[in-house]
Amino acid sequence: MSGADNEAPDVKPGRLNPSAYAHVFDDIGPPLSPRETLIEAARCHFCHDAPCVEACPTGIDIPSFIGKIRTGNLKGSAIDILSANIFGGTCARVCPVEELCEEACVRTTGENKPVKIGMLQRHAVDALMKAGPQPFTRAADSGKTVAIVGAGPAGLACAHRLAMLGHKVDVYEARAKPGGLNEHGIAAYKVPDIFAQKEVAWLLGIGGITIHNNKALGRNVTLDELRKKYPAVFIGAGLQATQKLGLEDEALEGVEDAVGYIERLRQAEDLSALPVGRRVVVIGGGNTAIDIAIQSKRLGAEDVTLAYRRGPEQMGATAHEQHLAQIEGVNLKHWLAPVRLIGWRGKVKEIEFTYTRLDDAGKLVMTEARTRLLADRVFKAIGQVLVKDPFDGNAREPLAIKSGKLVVNDDRETSLPGVYAGGDCTATGSDLTVRAVEDGKRAAIAIDRRLRS
Amino acid sequence: MADLRCTIAGVSSPNPFWLASAPPTDKEYNVVRAFKAGWGGVVWKTLGEDPPIVNTCSRYGAMSLNGSRMVGFNNIELITDRPLEINLQEIKRVRRDWPDRAMVVSLMVPCEEKNWAAILKRVEETDADAVELNFGCPHGMSERGMGAAVGQVPEYIEMVTRWCKQHSRMPVFVKLTPNVTDILKPARAAKQGGADAVSLINTINSIMAVNLDSMAPEPEVDGKGSHGGFCGPAVKPIALHMVAEIARNADTRGLPISGIGGISTWRDAAEFIALGSGSVQVCTAAMHHGFKIVEDMADGLSNWMDQKGYRALDDFKGRAARNVSDWKFLNMNFKTIAAIDQDSCIKCGLCYIACEDTSHQAISKSRDNGHRRYEVIEDECVGCNLCLHVCPVDHCITMKRVDQGLPSVGWVDDPRNPQRRSANPSSA
């Protein structure tokens, strides 16, 4: 594989035919037609004590909303969904339903063919969003204003619920526009047609929520200041730093964080101007790794290899996502750990791996065997971590942090009274949008209780 | 291979599957296609006197249920809208070309002896096997004193049937309307009048739906609607009951029956035959799926008969009619309780909530290591079958017989019955 010594790394924009860009990130799961929707809705058994509801982190009353689709009460159906999860539109598109509601569906138990709950949810919510403004109203003004850090799904779910409960909300967002990972991180083909932006604008329609963009915690505003100014603070700051491979030469040009590239891709005005490697290697086994691999492939990368240091069962990406990557032409390689980056004039051109295996005790061990892959671009997708500075060293009263995440209780309250947190930055949150939404919702209910006591 | 040949009231056909008098049998073109597809016979769409009637535009309504189309169907169409002579010529030609098939001609003319005598004479010239008197059509024609207007008055049925027997050598089938409180009365009248067979059921008075935008019933004719005749799979239970009543009642027993009402499959047909039908007539299923359905009807019936060891239709005809009883004779000491097969249970909880909310609170719910578990509380179970019916998994819930060691006793003799026969010997 090293016969390309005199070959320059090949990274360039515009790998596709110019006309192809308009459809390169078309919807990966197009919506059901009205007829398909009715047939699918009829498959729901309307279970008592339905397992799907329990499997939904936001506890959407799934049999109820599907039953309402069946009777043609689409508005009632959407309100059932949105009252539990204001991001029902995004979640319908990005939730790993095969590990949540659809895995729990009794039809999975019975015939291994669940009701397409996610698609039905999308049908109902899309219809309501298309028909008009968000359907909830604000309670009488409480006279209180709450601060929220981060305009991602956790923060905005918290904000929307607080608004419903009669409070005003100031949201401090580090980036130039709101949406968090919905806007900057989710794969483009899951939320085409600027859906994330539309959804944020739609939910802000409830009123009482002010978003202050370009205001980062720790840089433009401190937690101490927020605590002085507001009776309660919710932190939904996400994980803004990335894990390193810990290899020499990691600074070579072309060795990049997947999340950074995806953010650029999501915000790109012109996809044809985005540089794309001919041979792309992705390191990691989670959904971000899958996302960057597929998006690279769709943007014209010739070979895309995803290398993961364990087996398919241990991958963070769901089986569905792995399958999708394979359909899209991504080469999945398991039991490979990167050990060396090889450069050419300051640019990466090859990466060396060691084969791994599990020892008798089930521990991952490196073997002596090595292999190399040509790589014009190496994407690191091995996890994001919390930027701790705003919460420990620089804060007068630091927040408890455990295993790199903010510690919260069931109400999503941190170690400091009146300071709540949710989403990826907290210990309870796995990296799912739907869990972030639930965190925000629960925190809002607890904050409301606190403000009224 | 079971023998599917069918003879009813002297009319023979290679199989018992006939197309009922309706749009599929309106003209030569359709009937020839049906015979090519394998149908055993047809009842030609009802002939009337010239000038032919005129139909409305928009004629059918349908009921869909959870994505299944046409579980119920209705129409406001009238009898044939073609000239009598054309129909007769076509009947004669098809009769000649398809001699082994049953050719029955449905008739409806005003309630005058001369009118019936006249049309019967003309039908005889076609060499048709039999006539069927349409006393059932519930809409339109009944407003003109024909169809169900006759079928609802036993005296008229008897009178017209008698005329037909007097004025024709052909066997006479009398088609009965279900829009009566007791089907035995028109059946007895037909028998009294000399009918060779009865055909039932005709369609049921119905409004299919209300269009909530136009606030008009469906099917809608320029903003208004009229009641129409309901048919299709949903009417089968009503038809089975009426067939059974005629088959088991002492004074109508033995009267040949051509069964009609929601027959869509060989299984439906077998049920009608088991309750005493000779031939069966099909319409909605053919209108839904085309004539090809008869292949599975014949094939499926034959395979089932082989499996059961029935060589001919008569081997099982009427067998189930014997087991149709009055409630008062059902064994009060028969006891079953529900049993849930935990291995096939998918934990939908439907049995639990149905029993808890609407029956006898005889199913418990619990969590076993986080897993839902539904179990029958045997002492509370009355064996009503509700759980079995709501369960979406075949054979997951079954009813197990509990032997109480008690004799079979009907309510008429049950000690709990204050009016039991032994307490009141004069009623025995």
Side-chain angles (χ1 to χ4, degrees), chain A residues 31-57 59-77 98-117 119-120 123-124, chain B residues 62-72 209-214 218 233 338 340-377 386-397:
Chain A
L32 299 177
S33 70
R35 177 86 191 135
E36 287 172 309
T37 301
L38 281 182
I39 292 170
E40 195 57 29
R43 295 185 65 238
C44 175
H45 287 316
F46 203 73
C47 294
H48 166 77
D49 186 19
C52 55
V53 177
E54 201 168 81
C56 174
I60 293 172
D61 188 344
I62 293 164
S64 174
F65 95 69
I66 295 178
K68 290 177 184 182
I69 289 176
R70 201 143 82 181
T71 66
N73 177 11
L74 276 187
K75 181 179 181 186
S77 176
E98 63 280 3
E99 292 186 343
L100 298 171
C101 53
E102 292 185 15
E103 180 184 50
C105 177
V106 299
R107 282 202 184 261
T108 301
T109 316
E111 67 212 55
N112 206 19
K113 197 166 177 286
V115 175
K116 293 175 183 165
I117 298 168
M119 295 301 258
L120 292 173
H123 182 83
Chain B
M63 188 168 91
S64 297
L65 201 59
N66 291 339
S68 283
R69 311 290 289 183
M70 283 173 61
V71 294
V210 173
N211 182 319
L212 291 176
D213 295 318
S214 63
E218 292 181 354
I340 301 172
D341 173 21
Q342 295 296 337
D343 290 337
S344 55
C345 173
I346 59 171
K347 323 296 182 197
C348 68
L350 290 177
C351 60
Y352 166 80
I353 200 63
C355 192
E356 189 69 13
D357 279 357
T358 69
S359 279
H360 294 83
Q361 297 77 47
I363 295 178
S364 68
K365 77 167 180 179
S366 58
R367 292 281 180 120
D368 178 10
N369 260 337
H371 298 290
R372 291 164 177 76
R373 189 173 174 89
Y374 298 97
E375 287 174 293
V376 176
I377 305 167
L386 178 63
C387 56
L388 176 157
H389 294 305
V390 301
C391 179
V393 180
D394 291 338
H395 313 302
C396 174
I397 298 183

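In what follows, chains are A, B, ... by sequence order, proteins preceding strands, each numbered from 1. Since this is a predicted model, take the numbers as computed values, not measurements.
- Looking at heavy atoms from C-beta onward, B:Ile346 lies in side-chain contact with A:His45 at the 4.5 angstrom threshold.
- Ranked by heavy-atom pairs under 4.5 Å with chain A, the first of B:Leu350, B:Val393, B:Leu65 is B:Leu350.
- When all heavy atoms are compared, the tightest approach of A:Val106 to B:Lys347 is CG1-O, 3.7 Å.
- Interface remark: A:Glu54 contributes side-chain atoms only to the contact with chain B (heavy atom separation under 4.5 Å).
- When A:Ala42, A:Ala50, A:Pro51 are compared by the number of non-hydrogen pairs under 4.5 Å with chain B, A:Pro51 comes out ahead.
- When the shell of 6.0 Å around NZ of B:Lys365 is examined, it contains more than 12 heavy atoms from other residues, nucleotides or ligands.
- No other option in A:Cys105, A:Cys47, A:Cys52 has as many heavy-atom pairs under 4.5 Å with chain B as A:Cys47.
- Using a 4.5 Å cut-off between heavy atoms, A:Arg35 touches chain B through its side chain atoms alone.
- Heavy atoms from other residues, nucleotides or ligands lying under 6.0 Å from CZ of B:Arg367 number more than 12.
- For the pair A:His48 and B:Ile353, the tightest heavy-atom approach, listed with the atom from each and the gap, is ND1-CD1, 3.4 Å.
- Side-chain contact between B:Tyr374 and A:Asp49 is present, with at least one heavy-atom pair separated by less than 4.5 Å.
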